[in-house]
Amino acid sequence: MTSFPRLTSPYQLRHKTVRNRITFGAHTANMSEDGLPGEQYGAYLLERALGGVGMIVCEPVPVHRTGVLTRGNFRSEDDAVIPAFRKVIEPVQDAGTVVLQQLYHVGAHGDSDLSYAPHWGPSGLPSYHDSDGSHAMTGAEIEEIIAAFIVAAVRCQKSGFDGVEIWAAYHSLLEQFWTPWSNRREDQWGGSLENRTRLSMRILEGIRAACGEDFIIGLSVSWSDSYPVLHDVETLCEIVALHDATGHLDYVTCGSGGYLDFEKLMPTFTLGEKLTVSATAALKQALTQAKVQAESGIRTPQNAESVLSAGEADIVSIVRGQIADPHLAAKVMADEPDEVRGCISCNQMCWGRRSRDYWISCLVNPSVGREYIWGGDRFSAVTEPKSVLVVGAGPAGLEAARVAGERGHSVDLYEAAPVIGGQFRLAGEQPRRAQILDLMDWYERQFTRLGVRLHLNSYLESEDIRALAPDHVIIATGSLPDEDSTQRWLPQLDALPGRDLGHVHAPEEVMRREVRLGAAVIVYDEGGTMRGVGTAWHLAEAGHSVTLVTSDPMVGKELARTSADIVIRAKLAQLGATFLTEHAIAAWHGQGATLRNLLTGAEHELAASALVMATTNRSFDPISAELGDMSLQLIGDAQAPRQAPYAFYEGRNAGMTI
């Protein structure tokens with residue numbers, strides 16, 4: 001018996017039997033090497049195949065030079081990809097996974113920096129990706145794009161792929177043609193629904209004719225209710241049903257959001273889960289042949305099983321969940337869902353790194369993108385186990401202790417606090433961030449499984465460590481708030497004037513509920529991260545009158561890479577918080593602050609009962625200098641205060657090198 005009878009059941013997709021209903025859906029990993037898939041990307045895919053996933057849809061490939069969107073895109077219109085992809089996907093197929101490739105053209109929403117080509121679209125409207133406009137395609141250019149999709153599909157077939165997925169989601173080129181707002185043409189490609197779908201229908205029919213019956217064809221669409229100019233569910237169903245009626249379409253996958261509402265495209269913790277099930281349930285009713293796949297906010301096996309059991313989809317795509325845990329499918333198949341390392345929906349190192357044009361990774365799983373170096377999430381036992389003592393159970397210490405335990409070392413983890421997690425656990429107390437607390441529970445279960453001995457309420461001095469006499473010591477004692485509240489952009493002030501008057505606090509004190517703040521609170525945030533912004537959200541939800549002051553030109557600047565900033569600013573505004581950008585705190589007066597405009601130098605006073613200073617922390621390392629003769633590693637914030645992913649990375653690296 002299994003807790004996931006529908007999720008673990010096989011199904012037929014054209015000529016292929018897929019071993020379960022879990023898909024690792026298309027997303028840009030940005031790992032190409034000179035436009036070709038190489039060892040890094042191959043190992044990334046293979047790890048998920050070895051992890052038991054039923055189907056993988058590989059990274060979207062632009063079909064035409066005008067569709068290039070990222071530096072890491074695989075080469076468009078180049079047969080050099082054929083032997084390179086064959087080398088990558090054959091091991092994935094040998095591991096039992098069906099493999100497709102997504103084909104795309106972004107249409108008007110191009111990236112001139114990368115393509116150096118005009119953005120092609122139906123009607124020459126503005127791009128929602130950059131600040132440029134687009135070129136209204138001629139009839140000949142439309143035919144060129146149709147041919148490009150078909151040739152790209154043939155190239156995929158020659159590469160050994162089991163099929164392709166045609167991208168019509170997020171208001172990309174095909175959806176731009178479908179949508180009357182963006183398709184204002186008066187020729188055979190615009191006007192009636194038949195005309196507006198002519199492009200995608202020609203592509204679908206052309207691929208089937210060129211690639212034959214033993215070739216899977218999927219269609220990627222998305223649904224959004226953010227703007228009335230976009231399709232409602234009924235119209236989306238009508239469009240997809242036209243394609244389904246051809247008999248050429250094997251499945252449709254439905255995401256959320258798009259270029260007009262990017263925060264829904266890869267939804268963070270700020271939004272709910274299972275965002276598209278109302279649309280996929282409607283598609284299930286409208287289609288007669290194609291299977292329906294739900295994606296977007298399906299993070300856990302439990303979510304996935306509930307969607308399938310409710311008849312809201314036939315298949316589910318879990319992308320970020322399988323980035324965080326590449327063996328999610330195998331753990332589900334073994335009915336061990338508690339072993340799954342949960343995604344925390346932060347987007348920080350997946351979409352966040354991709355948005356900066358790096359290859360993707362994962363905050364909670366630093367092996368992502370390094371599978372070809374570290375061997376993924378699989379560990380080999382050491383031949384000579386050592387006794388390892390880890391000091392500090394924040395992210396760095398947790399991961400170091402876990403990995404050392406996985407490799408067979410005898411591990412003791414000491415933490416001064418009564419709970420694990422350090423400052424990262426406090427982040428889990430912020431609104432909608434309880435997924436972090438779930439991750440802490442996962443670590444405790446892993447320690448039980450691995451025999452890692454956890455010692456809470458245990459502060460160690462250097463003499464205590466010497467008395468324990470471990471073979472190796474890992475110092476992960478983290479960082480503390482700056483007692484002087486030093487501000488980056490007022491470097492002439494060594495400390496905040498008036499700090500000794502009281503009522504000045506760090507975010508950590510607020511989230512530990514150690515202080516009484518009064519009605520009106522100023523939150524100064526110079527990092528643009530959840531440490532400041534999330535604390536402000538927590539206070540506003542608790543009923544405080546919040547003024548969020550930042551030295552940056554926007555609230556949540558660092559969160560912009562994740563798209564979480566969009567929703568959080570809206571939440572803060574709805575809760576009555578006010579924003580003051582490009583300002584710093586010139587002085588604190590006990591019952592208010594003098595704020596300085598960083599653009600003009602002008603100052604004004606703002607009354608407040610408390611001031612929360614989210615400035616840069618300082619490393620806390622009271623013992624490593626006294627243990628210099630021992631085998632020792634210093635990791636995480638104890639080395640230098642940084643964001644959580646770097647602590648997890650250094651913990652993993654430390655555990656791997658003992």
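Quick note: residue numbers are just sequence positions, from 1.
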Participant: Donor-acceptor pair, distance only, cut-off 3.5 Å: does the side chain of Arg425 make one with the backbone of Ile420?
Facilitator: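 It does hold such a pair.
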Participant: For His503 and Leu611: C-alpha separation, side-chain torsions, deciding distance, then whether side chain to side chain contact (heavy atoms under 4.5 Å, CB included) applies.
Facilitator: CA-CA 6 Å; His503 308 296; Leu611 172 64; over 6 Å; no
Participant: Report yes if the side chains of Arg48 and Glu371 come closer than 4.5 Å at any heavy-atom pair, otherwise no.
Facilitator: yes
Participant: Is a side-chain donor or acceptor of Asp325 paired with a backbone partner of Gln322 at a separation under 3.5 angstrom?
Facilitator: no
Participant: Nearest 0.5 Å please: distance from the NE2 atom of His538 over to the CG atom of Leu575.
Facilitator: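 The NE2 atom of His538 sits 12.5 Å away from the CG atom of Leu575.
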Participant: Is there a donor-acceptor pair under 3.5 Å between the side chain of Glu47 and the backbone N or O of Asp377?
Facilitator: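 Yes, the answer is positive, given that a donor and an acceptor are paired below the 3.5 Å cut-off.
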Participant: Is Leu598 close to Leu490 at the side-chain level, that is, under 4.5 Å between some pair of heavy atoms?
Facilitator: yes
Participant: In Å and rounded to the nearest 0.5 Å, what is the CD to OH distance from Gln176 to Tyr128?
Facilitator: 10.5 Å
Participant: Check Glu59 against Ala29 and note the closest heavy-atom contact, atom names and distance.
Facilitator: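 So the minimum-distance heavy-atom pair works out to OE1-N, 2.9 Å.
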Participant: Could you go through the salt bridge (charged side-chain N to carboxylate O under 4.0 Å, His left out) check for Glu541 and Arg432 one step at a time?
Facilitator: CA-CA 11 Å; Glu541 276 205 344; Arg432 300 198 58 84; over 6 Å; no
Participant: Will you find, in the side chains of Glu295 and Thr253, an N or O donor that is under 3.5 Å from an N or O acceptor?
Facilitator: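 The answer is yes; a qualifying pair exists.
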Participant: For Arg618 and Leu480, indicate whether the former's side chain and the latter's backbone hold a donor-acceptor pair under 3.5 Å.
Facilitator: no
Participant: Examine Phe424 together with Phe648 and report whether their ring centres are nearer than 6.0 Å.
Facilitator: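 Yes, the ring centres sit under 6.0 Å apart.
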Participant: Do the rings of Tyr259 and Trp167 sit parallel, tilted or perpendicular, given the 30° and 60° boundaries?
Facilitator: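 It falls in the perpendicular class, over 60°.
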Participant: Is a donor from one side chain sitting under 3.5 angstrom from an acceptor on the other, for Thr268 and Asn347?
Facilitator: no
Participant: Measure the CG-CE distance between Leu363 and Met349 for me, rounded to the nearest 0.5 Å.
Facilitator: 7.0 Å
Participant: For Asp357, is there any backbone N or O sitting under 3.5 Å from a side-chain donor or acceptor partner on Arg71?
Facilitator: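 Answer holds: yes.
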Participant: Can you tell me how far CD of Glu399 sits from CD of Gln446, rounded to the nearest 0.5 angstrom?
Facilitator: 10.0 Å
Participant: Roughly how far, to the nearest 0.5 Å, is CE of Met511 from CZ of Arg513?
Facilitator: 5.5 Å
Participant: With rounding to the nearest 0.5 Å, note down the distance linking CD1 in Ile315 to CD1 in Ile298.
Facilitator: 11.0 Å
Participant: Would you call Glu526 and Arg488 a salt bridge, taking side-chain N to carboxylate O under 4.0 Å as the test?
Facilitator: yes
Participant: Taking it one step at a time, do Ser306 and Asn303 satisfy side chain to side chain donor-acceptor pair (under 3.5 Å)?
Facilitator: CA-CA 5 Å; Ser306 71; Asn303 276 351; 4.9 Å; no
Participant: Looking just at side-chain N and O atoms, do Asn30 and Thr28 make a donor-acceptor pair shorter than 3.5 Å?
Facilitator: no
Participant: Do Ile318 and Val53 pass the side chain to side chain contact (heavy atoms under 4.5 Å, CB included) test, and can you show the C-alpha distance, the side-chain angles, and the key distance before you say yes or no?
Facilitator: CA-CA 10 Å; Ile318 303 176; Val53 69; over 6 Å; no
Participant: Looking only at the aromatic ring of each residue, does the gap between the centers of Trp351 and Phe262 stay below 6.0 angstrom?
Facilitator: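 Distance test on ring centres: under 6.0 Å, yes.
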Participant: Tell me whether Arg531 is salt-bridged to Glu558, with the criterion being a basic N under 4.0 Å from an acidic carboxylate O.
Facilitator: no
Participant: Classify the side-chain pair Thr547/Thr578 by whether it contains a donor and acceptor separated by less than 3.5 Å.
Facilitator: yes
Participant: Can you confirm whether Glu483 is buried at CD, in the sense that more than 12 heavy atoms of other residues, nucleotides or ligands lie under 6.0 Å from that atom?
Facilitator: no
Participant: Answer yes or no: is there a side-chain heavy-atom contact under 4.5 Å between Val549 and Val523?
Facilitator: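 In short, these two side chains do not touch, never coming nearer than 4.5 Å.
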Participant: Given side chains that start at C-beta, do those of Leu114 and Leu69 come closer than 4.5 Å, heavy atoms only?
Facilitator: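 Heavy-atom side-chain distance check fails, nothing below 4.5 Å.
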Participant: Using 30° and 60° as the class boundaries, would you call the ring planes of Tyr44 and Phe24 parallel, tilted or perpendicular?
Facilitator: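 Plane angle between 30° and 60°, so tilted.
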Participant: Side-chain contact, heavy-atom cut-off 4.5 Å: Pro326 with Asn365?
Facilitator: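 Sidechains of Asn365 and Pro326: in contact.
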Participant: Using distance alone, with no hydrogens and no angle criterion, decide if Gln423 and Asp637 have a side-chain donor and acceptor under 3.5 Å apart.
Facilitator: no
Participant: Measure from the side-chain N and O atoms of Asp525 to the backbone N and O of Gly527, and report whether any donor-acceptor pair falls under 3.5 Å.
Facilitator: yes
Participant: Going through the distances and angles, do Val106 and His129 end up as a side chain to side chain contact (heavy atoms under 4.5 Å, CB included)?
Facilitator: CA-CA 10 Å; Val106 73; His129 185 279; over 6 Å; no
Participant: If the threshold is 4.0 Å, N to carboxylate O, is there a salt bridge linking Glu650 and Arg642?
Facilitator: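 Salt bridge flag = yes for Arg642 with Glu650.
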Participant: Could you walk me through whether Thr179 and His231 pass side chain to side chain donor-acceptor pair (under 3.5 Å), step by step?
Facilitator: CA-CA 7 Å; Thr179 309; His231 299 303; 3.1 Å; yes
Participant: Between Gln293 and Thr23, does any side-chain donor sit less than 3.5 Å from a side-chain acceptor?
Facilitator: yes
Participant: Can any side-chain N or O of Asp484 pair as donor or acceptor with the backbone N or O of Thr486 at less than 3.5 Å?
Facilitator: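 Such a contact is absent between Asp484 side chain and Thr486 backbone.
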Participant: For residues Thr562 and Cys346, determine if any side-chain heavy atom of one lies less than 4.5 Å from a side-chain heavy atom of the other.
Facilitator: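 With C-beta onward as the side chain, the pair stays apart.
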Participant: How about Lys571: does its NZ atom have over 12 heavy atoms from other parts shown lying under 6.0 Å from it?
Facilitator: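 Result for NZ/Lys571: open.
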Participant: Looking only at the aromatic ring of each residue, does the gap between the centers of Trp489 and Tyr524 stay below 6.0 angstrom?
Facilitator: no
Participant: Going by heavy atoms in the side chains, are Leu219 and Ile166 under 4.5 Å from each other?
Facilitator: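 Answer yes - side chains close enough.
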Participant: Which residue is it: Ser224, Ser256, Ser226? I am looking for the one with a side chain to side chain donor-acceptor pair (under 3.5 Å) to Lys264.
Facilitator: Ser226
Participant: Quick one, Asn73 and Tyr104 - any side-chain contact, counting heavy atoms below 4.5 Å?
Facilitator: yes
Participant: In terms of the angle between their ring planes, are Phe447 and Tyr443 parallel, tilted or perpendicular, with boundaries placed at 30° and 60°?
Facilitator: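 Ring orientation, 0 to 90° scale: tilted.
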Participant: Could you go step by step and tell me if His327 and Glu339 meet the side chain to side chain contact (heavy atoms under 4.5 Å, CB included) rule?
Facilitator: CA-CA 9 Å; His327 298 163; Glu339 289 298 305; over 6 Å; no
Participant: Is a donor on one side and an acceptor on the other found under 3.5 Å between the side chain of Asp130 and the backbone of Ser112?
Facilitator: yes
